[in-house]
Structures are given as C-alpha cells and as structure tokens.
Visitor: 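Pasting a structure here, questions to come.
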Amino acid sequence: MRRVYLTLGTNQFALTVPEGYRVDASDPQKMVFSDAHDTCFISFHFMDPSPDASDQSGTDSWRNLALSRFPGAIVTDQTSEFAGSHAGQAYELRWVNSGGAEQAARIVFIPSRAGVMEFNLISSPKYFDAGRYVLRVLLASLRTNEGGRLEITPLSDKS
C-alpha cells in the first residue's frame, strides 16, 4: 500500500494511493492521481478562500464555482461527500470538449480548518463510473491531524 502525505502549515494529511494509480506531485499546488491507461484523472488541492464563507451549505456559490471550473458544462447531479470527518458538496458535470469528445467530471468541495479541499475527477463517460468509485475510495482514505496526531490505521496483511 502506498500513501501520500501533505503538510500545510501545521496541518497534516495522508491519502492512500488507489491500486493501479500513480501520483504526480510535481506541481507543489496539487497532486494528480491517474490510472495506468490515462483514462481517469483525479486532482487534489486546497483552495482558499471559499466562495462564500457565510454559505457553507454549498448551494449556489459552490455550484457556480463548479461550473466555472469546466466552462460549457452542465450539472447533472449534486450530492454530499465526506472526507477526513468533514462534509462537503459534490457536483457531476458533462460537456463536449473542443475536440468534440464528451467529457464527465465530479468536483468535490470539502471545507476543513486548513481550507477547502477540492477534488476533481475527469474522464470520458465510458470510464466515469470506475473513476467515481476510485474517488470515493480516495476520499474515504483521507486522514488528518485535526484531532491531534495524524493517525494511520494499518491494514491487516491477513485475508
């Protein structure tokens, strides 16, 4: 099992790298997880500040921010997601790119004490369900030191 660690000031974060994925952390502002065939990309970074600190419910301001990330897209679904003991808004979008290919995305905004965590999944509709599953696994793996020490739960090596 591989993990990536991120430190932001005094805040520490750990994520498990999904099986079959690699991580590109060459940009100090974000991490990009991609599958071996480059059919699915999941980026993770912190944004600051949130679009409207008084409206953490995520309705219009989060939706507008999601649409601004993918010009020409339409929102096809809106739900909640959880990561690191925090809840946030998630949006699924579809659009046709400049090459005429249909694209799908899921963007997740998770407010935390360190700032807003933003996760973006981008793929073709053909691979979107598999990518959405991997994104949920990635979100579930997030651990932070907000409760004190960064606690990583070891997995059993017994099946």
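Being a predicted model, the structure only gives us computed values, none of them experimental.
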Visitor: Salt bridge check: are Asp129 and Arg132 linked by an N-O gap of less than 4.0 Å?
Guide: yes
Visitor: Should Met47 and Leu65 count as side-chain neighbours, where that means a heavy-atom distance under 4.5 Å?
Guide: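 They are in side-chain contact.
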Visitor: Side chains of Phe46 and Leu6: closer than 4.5 Å at any heavy-atom pair?
Guide: yes
Visitor: Going by heavy atoms in the side chains, are Arg143 and Arg3 under 4.5 Å from each other?
Guide: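 Not touching, per the 4.5 Å side-chain cut-off.
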Visitor: Would you mind checking if Arg22 and Asp38 are paired as a salt bridge, meaning a charged N to carboxylate O distance below 4.0 Å?
Guide: yes
Visitor: I would like to know whether Leu142 and Met117 meet side-chain contact (heavy atoms from CB on, under 4.5 Å); could you show each step before the answer?
Guide: CA-CA 11 Å; Leu142 180 74; Met117 295 178 279; 3.5 Å; yes
Visitor: Please evaluate residues Gln89 and Ser80 with respect to the criterion side-chain contact (heavy atoms from CB on, under 4.5 Å), reporting the C-alpha separation (whole Å), side-chain torsions for both, the decisive distance (0.1 Å), and the verdict.
Guide: CA-CA 5 Å; Gln89 295 296 308; Ser80 295; 4.0 Å; yes
Visitor: For Tyr91 and Phe70: C-alpha separation, side-chain torsions, deciding distance, then whether ring pair (Phe, Tyr, Trp, His ring centres under 6.0 Å) applies.
Guide: CA-CA 11 Å; Tyr91 301 88; Phe70 303 100; over 10 Å; no
Visitor: To the nearest 0.5 Å, tell me how far Gln78 CD sits from Leu93 CG.
Guide: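 If we round to the nearest 0.5 Å, Gln78:CD and Leu93:CG are 10.5 Å apart.
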Visitor: To the nearest 0.5 Å, tell me how far Ser124 OG sits from Asn97 CG.
Guide: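 One finds 10.5 Å between OG of Ser124 and CG of Asn97.
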Visitor: Please name the pair of heavy atoms, one in Trp95 and one in Ala105, separated by the smallest distance, quoted to 0.1 Å.
Guide: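 Heavy atoms only, the tightest pair is CZ3-CB, 3.5 Å.
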Visitor: Of all heavy-atom pairs between Gln12 and Asn145, which one has the smallest distance, and what is that distance?
Guide: N-OD1, 2.9 Å
Visitor: Please report the shortest heavy-atom distance between Ile122 and Gln103, naming the atom on each side.
Guide: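 Heavy atoms of Ile122 and Gln103 come nearest at CG2-OE1, 3.9 Å.
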Visitor: Looking at Asp77 and Glu92, would you say the former's side chain and the latter's main chain have a donor-acceptor pair under 3.5 Å?
Guide: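 Looks like no, no N/O pair under 3.5 Å.
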Visitor: Over all heavy atoms of both residues, which pair between Ser141 and Leu138 is shortest? Give the atoms and the distance, please.
Guide: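 Looking at all heavy atoms of both residues, the closest pair is OG-O, 2.8 Å.
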Visitor: Using a cut-off of 6.0 Å, state whether more than 12 heavy atoms not belonging to Tyr127 lie near its atom OH.
Guide: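 Counting neighbours around OH of Tyr127, 12 or fewer heavy atoms of other residues, nucleotides or ligands fall under 6.0 Å, so no.
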Visitor: Should Leu8 and Phe119 be counted in the same cluster of Ile, Leu, Val, Met, Phe, Trp and Tyr side chains packed under 4.5 Å apart?
Guide: yes
Visitor: Check the hydrophobic clustering (I, L, V, M, F, W, Y; side-chain heavy atoms under 4.5 Å; chains of links allowed) and say if Ile42 and Val23 are grouped together.
Guide: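 Yes, same cluster.
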Visitor: Can you tell if the side chain of Thr144 reaches within under 4.5 Å of the side chain of His86, non-hydrogen atoms only?
Guide: no
Visitor: Tell me, do Thr39 and Ser123 make a side-chain contact under 4.5 Å, heavy atoms counted?
Guide: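 With C-beta onward as the side chain, the pair stays apart.
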Visitor: Once rounded to the nearest 0.5 Å, what's the spacing between atom CG of Asn120 and atom CZ of Phe109?
Guide: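 Those atoms lie 7.0 Å apart.
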Visitor: When you group the ILVMFWY residues by side-chain heavy-atom contacts below 4.5 Å and let the links chain together, are Ile107 and Leu67 in the same group?
Guide: yes
Visitor: When you check the side-chain N and O atoms of Thr79 and Arg106, is any donor under 3.5 Å from an acceptor?
Guide: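 A donor-acceptor contact under 3.5 Å links the two side chains.
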Visitor: Do Leu139 and Val4 share a hydrophobic cluster, counting only Ile, Leu, Val, Met, Phe, Trp and Tyr and linking them when any side-chain heavy atoms are less than 4.5 Å apart?
Guide: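 Hydrophobic grouping puts Leu139 with Val4.
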Visitor: To the nearest 0.5 Å, what is the distance between NE2 on His45 and CG on Asp27?
Guide: 10.0 Å
Visitor: Report whether Leu135 and Val32 are members of the same hydrophobic cluster (ILVMFWY, side-chain heavy atoms less than 4.5 Å apart, transitive linking).
Guide: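 No, it is not one cluster - the side chains of Leu135 and Val32 are not joined through contacts under 4.5 Å.
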Visitor: Taking the side chain as every heavy atom from C-beta outward, state whether Pro111 and Trp62 have any atom pair closer than 4.5 Å.
Guide: yes
Visitor: Exactly one of Phe128, Phe33, Phe41 should register a side-chain contact (heavy atoms from CB on, under 4.5 Å) with Leu121. Which one does?
Guide: Phe128
Visitor: Looking at every heavy atom in both Val108 and Ala90, which two are closest together, and how far apart are they?
Guide: CG2-CB, 3.9 Å
